[in-house]
Amino acid sequence: MNTAPFFPKLLVCCLVLLVLIVLHIIPLPILELTILYVMLFRPAWFKNLVDQLYGR
């Protein structure tokens, strides 16, 4: 089982979440708007990302 391409994607996801957490301290609803965008438009990049992370 080769997990080499999995770790960089996981690391990038964690870094993006950390940036969103830091930006959430500033009174801007960035995280809420991102979640709303994903819920309403269901972009293909999000489904692909979830499939790649949990498809193992």
Side-chain angles (χ1 to χ4, degrees):
M1 177 187 242
N2 187 6
T3 60
F6 174 72
F7 183 72
K9 291 177 184 172
L10 182 64
L11 184 64
V12 168
C13 289
C14 289
L15 289 175
V16 169
L17 286 175
L18 286 174
V19 168
L20 288 174
I21 288 170
V22 169
L23 289 176
H24 190 70
I25 295 172
I26 304 170
L28 295 173
I30 293 172
L31 184 61
E32 290 86 356
L33 290 176
T34 305
I35 293 171
L36 183 63
Y37 171 76
V38 168
M39 287 174 50
L40 291 177
F41 296 109
R42 297 179 186 167
W45 60 264
F46 185 76
K47 183 182 181 324
N48 293 338
L49 178 67
V50 171
D51 287 343
Q52 289 174 358
L53 289 177
Y54 293 109
R56 302 207 174 257

Less than 4.5 Å apart, any side-chain heavy atom of R42 and any of K47? no
Are any of the side-chain heavy atoms of V38 and W45 separated by less than 4.5 Å? yes
Hey, could you give me the CG/CG distance between N48 and L53, rounded to the nearest 0.5 Å? 11.0 Å
